[in-house]
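Lettering follows sequence order; numbering is per chain, from 1.
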Amino acid sequence: MTTIVNGESRRLEDGATISALVAELDLAGRRIAVEVNREIVPASEYAHRQLRDGDAVEIVHFVGGG
Amino acid sequence: MVEPLRTAENLAEGALILAGREYRSRLIIGSGKYRSFDENRRAAEAAGAEIVTVAVRRVNIVDRKSENLLDFIDPAKYTILPNTAGCTTAEEAVRTARLAREAGIGDLVKLEVIGDAKTLFPDVPATIEAARILVREGFQVLPYVTDDPVACKRLEEIGCVAVMPLAAPIGSGLGIRNPYNIRIIIEQSRVPVIVDAGVGTASDAAVALELGCDAVLMNTAIAGARDPILMAQAMRLAVDAGRKSFLAGRIPRKLYATASSPLDGMIE
């Protein structure tokens with residue numbers, strides 16, 4: 001299936017969970033927040049929340065700012 | 001006998017109470033524009049800051065860096081104040097604040113809704129709208145706002161934990177453009193007043209504290225200085241001097257001179 005992750009098209013295995021995506025991006029254990037189709041997904045749901053074809057995922061973290 | 005130098009730590013009125021927490025430092029610094037995370041870390045230490053602002057952005061999934069800001073600005077040591085910088089609508093700002101909270105830093109948010117790209121002046125109606133939503137959702141909101149006493153009053157009434165009027169446009173370094181408005185805001189406010197944006201040099205920070213501001217927030221003034229670490233030290237001293245000067249009570253301004261030496265006993 002194809003998802004959009006941070007604006008970039010990304011192919012994932014069918015039924016991939018958010019945990020799988022986060023691990024693939026080497027972000028496990030990082031202070032991040034995840035939105036799927038503009039809805040925040042709590043970290044406690046990453047392991048069982050499966051992504052679907054066409055899902056728009058946003059993964060954010062903290063960067064320098066004033 | 002020499003009086004011991006009173007420092008923020010032992011000055012009775014030394015503590016800044018913000019959202020129920022006590023801080024010894026009245027200097028809040030940003031984390032943007034530093035040449036490296038390590039320079040940012042050293043500047044925070046030199047400034048004696050206890051609160052550091054951060055922005056919320058997409059993780060770069062194409063070019064992942066192994067270093068992370070929060071590896072240098074340790075959330076166990078600093079209060080991290082996420083901002084909604086770059087947002088131009090209440091909706092975007094609320095969305096950004098929710099993401100920041102989800103990332104596990106806490107309920108504090110520096111609310112920023114920009115109304116004009118050139119001046120980066122805040123969109124006050126949108127800021128008020130977003131503040132209302134965020135306060136209802138349990139956020140502790142610190143809004144960046146124009147130096148407008150009425151806007152600050154509204155934000156306080158909504159339940160913001162502080163108001164943060166600008167001194168001058170973000171990054172302009174122009175210093176406090178309207179000290180009289182800032183003074184009015186200080187007099188009317190029952191929440192901390194933090195001057196945010198526009199400080200250029202140490203004397204600007206001292207003026208903010210002399211006026212009675214509870215704290216000052218700056219980023220570019222330190223990060224953009226030729227020697228950011230030295231400037232961070234200068235800002236720390238200026239904030240301390242300004243606060244003490246405010247507490248000590250300045251003399252009134254007069255048009256004419258008043259002799260400092262007695263006139264009695266002059267030789268004839």
Side-chain angles (χ1 to χ4, degrees), chain A, chain B residues 28-37 39-40 52-62 64-66 68-73 75 80-86 91-92 95-105 110 112 120 144 170-171 196-197 199 217-224:
Chain A
M1 64 177 176
T2 306
T3 57
I4 310 285
V5 180
N6 286 1
E8 303 275 339
S9 175
R10 191 176 191 96
R11 294 197 64 81
L12 296 173
E13 272 182 40
D14 284 353
T17 60
I18 294 176
S19 285
L21 173 62
V22 165
E24 190 180 310
L25 295 172
D26 206 16
L27 292 170
R30 286 288 185 187
R31 240 179 250 276
I32 55 167
V34 177
E35 263 186 359
V36 177
N37 303 328
R38 296 183 73 102
E39 261 183 47
I40 288 176
V41 180
S44 58
E45 292 176 20
Y46 292 175
H48 43 262
R49 173 70 185 266
Q50 291 183 320
L51 293 167
R52 293 189 200 143
D53 191 54
D55 273 352
V57 183
E58 292 284 344
I59 306 176
V60 300
H61 66 159
F62 295 112
V63 301
Chain B
I28 302 172
I29 72 159
S31 57
K33 301 181 186 173
Y34 285 96
R35 274 161 281 205
S36 66
F37 290 144
E39 184 183 67
N40 195 173
V52 179
T53 65
V54 298
V56 178
R57 291 292 180 268
R58 280 176 166 172
V59 172
N60 185 341
I61 56 171
V62 183
R64 286 263 301 114
K65 280 188 235 124
S66 56
N68 187 289
L69 172 65
L70 296 186
D71 296 337
F72 291 80
I73 306 293
I80 304 297
L81 176 57
N83 68 28
T84 64
E91 191 193 357
E92 274 176 18
R95 185 182 175 200
T96 303
R98 287 173 180 157
L99 283 166
R101 177 155 74 178
E102 191 56 37
I105 286 292
K110 172 182 159 174
E112 201 175 314
L120 298 180
Y144 160 69
I170 294 171
D196 177 9
V199 164
L217 193 164
M218 65 182 73
N219 189 343
T220 310
I222 296 175

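Residue contact with chain A, scored on non-hydrogen atoms closer than 4.5 Å, involves the backbone and the side chain of A100(B) alike. Neither the backbone nor the side chain of K33(B) comes within contact range of chain A, judged by heavy atoms closer than 4.5 Å. Interface residue I40(A): only side-chain heavy atoms are found under 4.5 Å from chain B. With a 4.5 angstrom heavy-atom cutoff, L99(B) touches chain A via backbone and side-chain atoms both.
Ranked by heavy-atom pairs under 4.5 Å with chain B, the list V34(A), I32(A), V41(A) is led by I32(A).
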Can you list the steps and then say if I59(A) with R58(B) is a side-chain contact (heavy atoms from CB on, under 4.5 Å)? CA-CA 6 Å; I59(A) 306 176; R58(B) 280 176 166 172; over 6 Å; no
What verdict does the side-chain contact (heavy atoms from CB on, under 4.5 Å) test give for R57(B) and V60(A), after you've listed the backbone C-alpha separation in whole Å, the side-chain angles of each residue and the deciding distance to 0.1 Å? CA-CA 5 Å; R57(B) 291 292 180 268; V60(A) 300; over 6 Å; no
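Under a 4.0 Å N-O distance rule, the pair E35(A)/R98(B) does not qualify as a salt bridge.
Annotation for A33(A) and A103(B): closest pair CB-N, 3.9 Å, computed over non-hydrogen atoms. Among all heavy-atom pairs drawn from V54(B) and F62(A), the shortest one is CG2-CD2, 3.4 Å.
Distance alone, capped at 3.5 Å, is enough to place a donor-acceptor pair between the R31(A) side chain and the G104(B) backbone.
Along residues 2-13 of chain A, the residues that come nearer than 4.5 angstrom to chain B, judged on non-hydrogen atoms, are V5(A), N6(A), G7(A), E8(A), R10(A) in order of number.
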